[in-house]
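Have a look at the structure below before the remarks.
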Amino acid sequence: MKNFDVAYALEEIAALLEILGADTFRVNAYRKAARGVEGYPGDVEDLARKDALSLIPGVGPALSAKIREMLDTGSIRYLEELRKQVPPGVLNFLAIPGIGGKTASILFTELHLESIEELENAARAGLLRSLKGFGEKKEAAILRGIEAFKKNAGRILLADVFALAYDIRDALNAHAAVQAAELAGSFRRRRETIKDLDLVVASDHPETVMDYFASLPLIAEVTSRGDTKLSGKSRAGISVDLRVVKRSEFAAALLHLTGSAEHNASLRGRAKDLGLKINEYGVWSLDGFLFPTEEEADLYSLLGLSFIPPELRENRGEIEAAAKDQIPELISLSCIRGDLHIHTRDSDGLGTIEQVAEQAVRWGYEYLAITDHSRSLVIARGLDAARLKAQGERIRRLNEEMESVRLLCGVEVDILPDGSLDHPDEVLEELDVVIASVHSAFRQDRQTMTRRIIRAMENPHVDIVAHPTGRLIGRRDAYEVDIEEVITAAKRTNTVLEINASPDRLDLSDVHARMAASLGVKIAINSDGHSVAAMHDMQFGVFNARRAWLTKEDVINTMPLETLQDFLANHKK
DNA sequence: GCCGTTTTCGGCCCGACTGTTTTCAGTCG
């Protein structure tokens, strides 16, 4: 049972209670506990065994009992009871923009609508406008919400909005009435997926700025507009929110709009405890004095906190750490001295060894590991021992020509279904870097897959396990694997775990990478680039590492070349 | 349902915008 499963059950209880019209604070209590469980860096089952579930923020005696019931029996009777009262389709209403608990409840109790399809038919037939508190506009808004839900059910990858986000920000910054413009929201927190873009602008002329924003070719339509806030849609269909504030309010607005909502809620609670108030305009005394603030750090400081980097603002312990001045110095892209997972056209990459090496030189990397696939991965033209040996000779010759970057001979060797490796030890021991990973038999059961990966880690030549859960964000779930057990085995066998920087992998995830590093497992952040261009993905891996609270010391490819070579030669001994 | 260097009961984060309303509820972030 994963933390995620427990969190999901608690979230479902919250949603059901909301639809059934339960007390809002009770609903929020379940939501808060769900987030606490999901964000908890350790294993909830461990906590349960130690009878310490209440260490999770928001979990008290009643929820401890329900979580324990879930862990023991696989379900929660209370949840089962609630499910009997609300048809499953009604829960989906909450995913439609514009519909919250109240509306969902009315649609179900008054019109007995039980699915999105029924809701859509009712709205088209004009049945909704007769309900109390509803009208034609709300009916139309619900229909638009259903369209948006169908079209854009999932979130979009961070990498897929990157260029658009900075184009919009730069366009705003170019306008004379704009004193400052910044991206906020989950984009600034570098979440792996994004629902919409948030921008904050400092200006004395909000009307002018909003007119200008609406006229940008990047913006297709404006969906709502008030005095200081505008919502629109980009040509690509992504929602974009703009907020215009005075220069003196910019830092507070940036903090507020960066979120997360949970982080903000905690800050407001802390302000209250200190006899202050914080909102999007700044920090206030109770008698209405607004403290002047230049930058976000000033607001944190007024609350007795050191600065918290956006990537940590998820209410996962960062406020407590900041109160003790214990926010770690997070890793940054400039700490990365090389990439340890690169494919070339020898297997399924696009670039030649020379081309990826040249890119490494341009970036000032000290080293680059060539790690093409092994023979079993026929679809990728995986290398057999003879081709691997020939490739190694070419790499050694290149190393004699190039001074500024060191190419390392490596392989991404398949972990076969039984946990053995796709090359014999005699081949592996000749290499500088051995990465092992799963590319086949994804449907093994949890125990088989877990044993399979652990067996690979027990091989003395395996340095790194790549993309340990196999997930493809938005496309394929992780295979069944006990990642906590894999992490424990990585510690025991001194095997490095990868944060695969490919934007649709980010595997390990932030939560798992934090778990691994907190146990002392070393991490490698690798692009897994299959082209020169894809080597740029390194930055997304670093974002993920920052969200995992990692420092330079946690990550092996921040080491200088000689230190790294020494590490690779000795860590499995 | 949770939580406490004011509290073990009575609070629980704050504001913009929309739509349906004549003063506010619902949604969203």
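Lettering follows sequence order; numbering is per chain, from 1.
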For [X], report the nucleic acid contact type (base, sugar-phosphate, nothing); a contact means any heavy atom under 4.0 Å.
X         : answer
Glu136(A) : sugar-phosphate
Asp23(A)  : base
Ala62(A)  : sugar-phosphate
Val59(A)  : sugar-phosphate
Lys277(A) : sugar-phosphate
Gly101(A) : sugar-phosphate
Ile99(A)  : sugar-phosphate
Asn28(A)  : nothing
Gly259(A) : nothing
Lys272(A) : sugar-phosphate
Leu131(A) : nothing
Thr103(A) : sugar-phosphate

So, for [X] and [Y], which heavy atoms are closest and what is the spacing to 0.1 Å?
X         : Y         : answer
Leu290(A) : Trp284(A) : CD1-CE2, 3.7 Å
Ser332(A) : Val542(A) : C-CG1, 3.8 Å
Pro206(A) : Asp227(A) : CB-O, 3.8 Å

Below 4.0 Å: OP1/OP2 of [N] and any side-chain N or O of [X]:
X         : N       : result
Tyr78(A)  : dG1(B)  : no
Thr228(A) : dC17(B) : yes
Lys32(A)  : dC3(B)  : no

Please determine, for the side chain of [X], which listed nucleotide ([options]) has the closest atom?
X         : options                   : value
Leu63(A)  : dT27(B), dG1(B), dC28(B)  : dG1(B)
Tyr281(A) : dG29(B), dA16(B), dG1(B)  : dA16(B)
Asp196(A) : dG15(B), dT27(B), dG29(B) : dG29(B)
Asp241(A) : dG29(B), dC17(B), dG19(B) : dG29(B)
Lys138(A) : dG19(B), dC17(B), dT27(B) : dG19(B)
Pro61(A)  : dG1(B), dT27(B), dC2(B)   : dC2(B)

In whole Å, what separates the [atom1] atom of [N] from that of [M]?
N       : M       : atom1 : answer
dT21(B) : dA25(B) : P     : 13 Å
dT20(B) : dT27(B) : P     : 13 Å
dT8(B)  : dG1(B)  : C1'   : 14 Å

Output the rounded distance in Å from [atom1] ([X]) to [atom2] ([N]).
X         : N       : atom1 : atom2 : result
His263(A) : dG29(B) : NE2   : P     : 18 Å
Glu249(A) : dG15(B) : CD    : P     : 13 Å
His256(A) : dC17(B) : NE2   : P     : 11 Å
Ile142(A) : dG26(B) : CD1   : C1'   : 11 Å
Asn264(A) : dC28(B) : CG    : C1'   : 13 Å
Glu280(A) : dA16(B) : CD    : C1'   : 7 Å
Lys229(A) : dC14(B) : NZ    : C1'   : 12 Å
Arg225(A) : dG19(B) : CZ    : P     : 16 Å

* **Donor-acceptor pair between Ser502(A) and Asp537(A) side chains, under 3.5 angstrom** =>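 Absent: no donor and acceptor within the cut-off.
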
* When rounded to the nearest 0.5 angstrom, what distance separates OG in Ser527(A) from CD in Gln539(A)? ->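 Going from the OG atom of Ser527(A) to the CD atom of Gln539(A) covers 11.5 Å.
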
* **DNA chain B: 5'-proximal contact among Gly133(A) and Ala265(A) (nearest heavy atom)** => Ala265(A)

* Structure fact -> Between Phe134(A) and Gly60(A), the residue closer to the 5' end of DNA chain B by nearest nucleotide is Gly60(A)

* Decide whether a cation-pi geometry holds between Arg190(A) and Phe187(A); the criteria are a distance under 6.0 Å from NZ or CZ to the six-membered ring centre and an angle within 45° of the ring axis. =>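 Positive - Arg190(A) is close enough to the ring of Phe187(A) and near enough to its axis.
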
* Mark yes when over 12 heavy atoms from residues, nucleotides or ligands other than Glu117(A) sit less than 6.0 Å from its CD; otherwise mark no. =>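 No, because the 6.0 Å sphere around CD of Glu117(A) holds 12 heavy atoms or fewer from other groups.
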
* To do: Could you tell me which nucleotide pairs with dT8(B) by Watson-Crick or G-U wobble geometry, both distances under 3.5 Å, or answer none if nothing does?
  => none

* To do: May I ask you to say whether Arg313(A) pairs ionically with Glu318(A), meaning some side-chain N is under 4.0 Å from a carboxylate O?
  => no

